[in-house]
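Throughout, a chain's letter reflects where its sequence line sits, starting with A, and its residues are numbered from 1.
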2 protein chains.
Amino acid sequence: GDLTGLRAILLGADLPVVVDELERMAPAQRTTAFRLLPRASAVRAFQMLAPAVQADLLGELGSRDVSRLIADLDPDDRARTLDGLDHDLARQLLAGLPEDQRAKTQRVLAHEPETIGRWATPELVSVPKDATAGEALRAVQEGIGAAETVYVVPVIDPDRRVVGVVSLRRLLATDPEVPLASIMREPISVHATDDQEIGANVVRDHGALAVPVLDDEERLVGLFTVDDAMRVLQLEEDEDSARTAGTSRLVKPYLSTSVASLVRSRIAWLLILIVAATLTVNVLDYFEASLEQVVTLALFIPLLIGTGGNVGAQAASTMIRAVAVDDVRFVDLPRVLGKELATGVALGAALAIVAYAPARFFTDGQVALVICLSLVVVCALAATAGGLIPLLARRFGVDPAVVSAPFITTFVDATGLVVYFLIAGAVLGL
Amino acid sequence: GDLTGLRAILLGADLPVVVDELERMAPAQRTTAFRLLPRASAVRAFQMLAPAVQADLLGELGSRDVSRLIADLDPDDRARTLDGLDHDLARQLLAGLPEDQRAKTQRVLAHEPETIGRWATPELVSVPKDATAGEALRAVQEGIGAAETVYVVPVIDPDRRVVGVVSLRRLLATDPEVPLASIMREPISVHATDDQEIGANVVRDHGALAVPVLDDEERLVGLFTVDDAMRVLQLEEDEDSARTAGTSRLVKPYLSTSVASLVRSRIAWLLILIVAATLTVNVLDYFEASLEQVVTLALFIPLLIGTGGNVGAQAASTMIRAVAVDDVRFVDLPRVLGKELATGVALGAALAIVAYAPARFFTDGQVALVICLSLVVVCALAATAGGLIPLLARRFGVDPAVVSAPFITTFVDATGLVVYFLIAGAVLGL
């Protein structure tokens with residue numbers, strides 16, 4: 001009864017909905033549901049599953065189903081799937097493929113993970129540079145069955161070097177007698193060894209449907225298509241958003257991730273940060289005599305360092321984004337510091353005005369003055385550090401997202417306390 | 001001398017590089033550089049500039065240049081540009097357009113900002129449902145000059161309702177005599193009134209090159225293309241990353257943004273958060289007697305609430321992402337709470353073990369016990385709140401990214417202090 005209902009849902013639903021439902025199911029149920037999908041949908045759905053879920057599913061399906069599924073994939077999807085599998089199983093599946101598909105897959109697998117080479121489809125139509133528009137169009141029509149895309153046609157010389165690119169649209173709009181050389185565009189290309197994110201940004205910035213992928217000798221390896229570029233950008237966004245908060249990216253959907261995996265994805269940063277946080281204990285221990293004299297100073301510690309942390313996180317987040325989209329480079333450091341210092345002082349002054357009333361309510365006028373002055377200095381420090389640290393990280397080849405929010409918060413906590421007690425010492429004469 | 005060099009750079013460089021350089025220039029220099037671009041590149045570069053930079057540039061160019069530039073844009077790009085301009089100027093520019101272009105632009109402008117309607121290009125090729133593949137291909141060849149894309153061809157009935165979609169690839173691979181009805185696919189479509197992010201996700205999830213955009217009566221309005229979908233996703237990513245840190249998205253590139261705009265983009269959240277932070281002052285004021293008795297309790301306040309904030313931010317960031325990609329829904333709340341509670345306890349226990357040694361170094365055994373117990377409880381609370389709050393936000397129609405990190409940090413600060421002093425009271429008998 002249940003399965004009939006399931007099948008109806010699966011047959012009627014949009015593919016992304018089906019994929020979503022599959023990722024939410026328990027493994028055994030998922031396998032049953034997957035078996036009910038028509039073959040063509042099954043292949044497309046499989047390609048859209050998270051790699052860790054793909055591996056789970058292959059472990060549950062029978063070996064005949066697995067071989068057929070693997071054979072149906074495009075070479076670049078197949079390579080990424082095999083990558084997520086146990087080494088022996090992957091080798092065995094590879095061996096079971098037809099000769100030409102095995103060779104194509106092995107060429108993709110030869111590239112480093114997270115490079116463009118891993119996403120390049122070798123199944124394309126290319127044409128020699130001395131062809132005419134009509135000849136190119138015929139080549140497209142002959143290759144149309146096997147190619148992953150035919151909308152972008154690389155034009156190559158006898159050494160497979162890409163000398164131009166012509167769109168199918170252009171071919172259709174051109175007189176068949178016209179030589180390709182006069183209608184092709186300069187190729188925008190990427191290298192197989194490039195980082196996948198760089199290649200995806202090229203596709204996005206040019207609004208391209210596909211770009212040729214070249215090897216070290218500038219020869220055509222394949223095409224990097226816009227749908228793959230969007231998947232890369234989504235993966236990278238997952239990773240950045242995880243890093244910003246100091247966790248590692250989950251390889252499975254949240255509900256399929258075990259508590260142990262959640263703990264592993266978060267513990268490393270917390271350990272580093274708690275060790276760093278003992279700095280704040282040190283600072284307070286150093287000023288313990290002042291604290292004993294004026295215990296009300298302690299009341300405002302969380303407010304002060306919390307505000308500093310927020311100001312720092314805001315600046316860092318703006319700067320991480322500006323660095324990621326290349327709006328800001330290391331040479332702009334002086335301008336960034338100037339802007340952030342001014343912004344921090346202005347924010348601190350505004351917040352000090354707001355904080356003065358509650359400060360007066362809980363303490364006397366002198367302590368209130370300490371709190372307000374400290375807010376201005378801490379906000380200035382926090383904004384400047386938030387602007388500086390991502391730029392420094394980028395300069396030294398570290399992902400800016402890694403050293404962002406939690407790092408800056410801890411830095412601001414420790415320096416903020418020093419500032420607070422130094423100002424308290426000066427104003428209150430401790 | 002300078003200008004010749006500039007022109008050489010601009011002529012030789014990739015378009016995204018040119019756009020990047022333009023956005024980094026001072027306004028006057030930018031206008032000069034822009035005037036040197038060949039007309040076709042100028043139009044494409046202009047379309048890629050941030051809307052606020054476009055407005056600046058139009059303010060500096062002469063009115064004849066502006067009219068020509070506006071006339072060269074596609075209707076959907078033109079609508080978005082006009083939207084960023086002073087109302088009178090926009091009306092004047094619209095009035096200067098040829099009749100058909102003005103009508104197309106006005107139809108785009110009739111849609112709400114940030115909806116798919118604003119990105120739908122009306123310049124497409126559609127074919128009637130009783131056509132053959134050959135007739136459809138001829139329609140494509142006739143429309144190829146004016147259309148923004150011809151790779152996705154909507155198939156419509158006499159009322160302009162979309163009954164299917166056929167790719168140009170399919171048309172080329174099919175015998176010209178075959179009726180369209182037998183080769184078209186079920187259309188995956190979006191509505192003009194849909195939020196732009198929803199439409200962009202549909203394009204990404206289906207790996208589509210373009211999807212038909214429908215009005216309320218399911219009639220064809222235009223096509224939403226993959227390059228626009230990528231731009232939407234980039235805008236939304238900018239916005240989410242800003243919101244997560246409690247700022248608003250900058251409308252201009254960072255270096256062109258004034259200190260006053262930076263302050264405005266950040267001050268609102270800081271004011272809310274500093275008011276919320278007076279809660280922590282209240283809590284500590286309430287426990288002031290305990291603090292006076294055992295001043296060393298104050299030493300560990302920043303470490304404790306800092307760690308709690310980090311754990312909460314990790315959980316929130318994971319959950320915001322899971323909600324955004326629809327891995328987790330409100331019905332999954334019990335599973336989320338169970339997982340996060342268990343994860344929080346495990347993280348807290350691990351951190352307590354690490355914190356025990358420094359706690360013993362600075363204080364006695366009983367205070368160290370208070371610190372370690374508090375770490376476990378605070379981490380459990382923080383992880384649970386971090387998992388809960390984004391789900392609740394989504395449930396009540398608030399963007400989860402808005403209420404995330406800073407919100408959770410403030411919540412954890414206040415509750416963490418209560419937990420700390422309650423445990424201290426119980427263990428130390430205060």
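When the candidates A:V263, A:L375, A:L417 are compared by the number of heavy-atom contacts under 4.5 Å with chain B, A:V263 comes out ahead. In terms of non-hydrogen atom pairs under 4.5 Å with chain A, the most contact-rich of B:V19, B:T278, B:D20 is B:D20. Ranked by heavy-atom pairs under 4.5 Å with chain A, the list B:L137, B:L172, B:I188, B:D227 is led by B:L172. Most heavy-atom pairs under 4.5 Å with chain B, from the set A:D332, A:L250, A:V354: that is A:D332. Chain B forms more heavy-atom pairs under 4.5 Å with one residue of A:L291, A:T318, A:T410 than with any other, namely A:T318. Interface remark: of the candidates B:L271, B:D413, B:L15, B:L271 forms the most heavy-atom pairs closer than 4.5 Å to chain A. Ranked by non-hydrogen atom pairs under 4.5 Å with chain B, the options A:R170, A:E23, A:H206 are led by A:H206. The most heavy-atom pairs under 4.5 Å with chain A, out of B:Q314, B:M230, B:R204, come from B:Q314. Most heavy-atom pairs under 4.5 Å with chain A: of the set B:V150, B:V203, B:T307, B:D326, this distinction falls to B:D326. Among the candidates B:S241, B:A342, B:A313, B:G207, the residue making the largest number of heavy-atom pairs closer than 4.5 Å to chain A is B:S241. Contacts with chain B were tallied for A:E292, A:R335, A:Q141, A:Q234; A:Q234 has the most, counting heavy-atom pairs under 4.5 Å. Options A:G338, A:P253, A:A383 differ in how many heavy-atom pairs under 4.5 Å they form with chain B, and the most are formed by A:P253.
Pairs engaging residues 265-288 of chain A under the salt bridge (charged side-chain N to carboxylate O under 4.0 Å, His left out) rule: A:R266-B:E340 [sequence neighbours left out].
Neither the backbone nor the side chain of B:L279 has a heavy atom closer than 4.5 Å to any heavy atom of chain A. Contact of B:A322 with chain A is made through the side chain alone, with heavy-atom distances under 4.5 Å. Looking at B:R264, there are no atoms closer than 4.5 Å to chain A (heavy atoms on both sides), in backbone or side chain. With a 4.5 Å cut-off on non-hydrogen atoms, B:I301 touches chain A through its side chain but not through its backbone. Proximity to chain B (any heavy atom under 4.5 Å) is restricted, for A:L273, to the side chain, taken from C-beta onward. Residue B:A324: no heavy atom, backbone or side chain, is found under 4.5 Å from chain A. Heavy atoms closer than 4.5 Å to chain A are found in the side chain of B:P358, but not in its backbone. In this structure, the portions of B:L270 lying under 4.5 Å from any heavy atom of chain A include both its backbone and its side chain. Residue contact with chain A, scored on non-hydrogen atoms closer than 4.5 Å, involves the side chain of B:I305 exclusively. Heavy atoms of B:L255 lying under 4.5 Å from chain A belong to its backbone as well as its side chain. Of the two parts of B:R249, neither the backbone nor the side chain holds a non-hydrogen atom closer than 4.5 Å to a non-hydrogen atom of chain A. Contact of B:F362 with chain A is made through the side chain alone, with heavy-atom distances under 4.5 Å. Neither the backbone nor the side chain of B:V283 comes within less than 4.5 Å of any heavy atom in chain A. Only the side chain of B:A355 comes within contact range of chain A, with at least one heavy atom under 4.5 Å from a heavy atom of that chain. Heavy-atom distances place no part of A:D228 under 4.5 Å from chain B, backbone and side chain included. With a threshold of 4.5 angstrom between heavy atoms, B:L304 does not approach chain A through any atom at all.
How far CD1 of B:I272 is from CG of A:N310: 11.0 Å, rounded to the nearest 0.5 Å. To the nearest 0.5 Å, the span separating CG on B:L209 from OG1 on A:T149 amounts to 7.0 Å.
Within a 6.0 Å sphere centred on CZ of B:R169, heavy atoms belonging to other residues, nucleotides or ligands number more than 12.
Among all heavy-atom pairs drawn from B:T280 and A:L303, the shortest one is OG1-N, 3.9 Å. Between B:A242 and A:S317, the closest heavy-atom pair is CA-OG, 4.1 Å. The two residues A:L284 and B:A298 make their nearest non-hydrogen contact at CD1-O, 3.4 Å.
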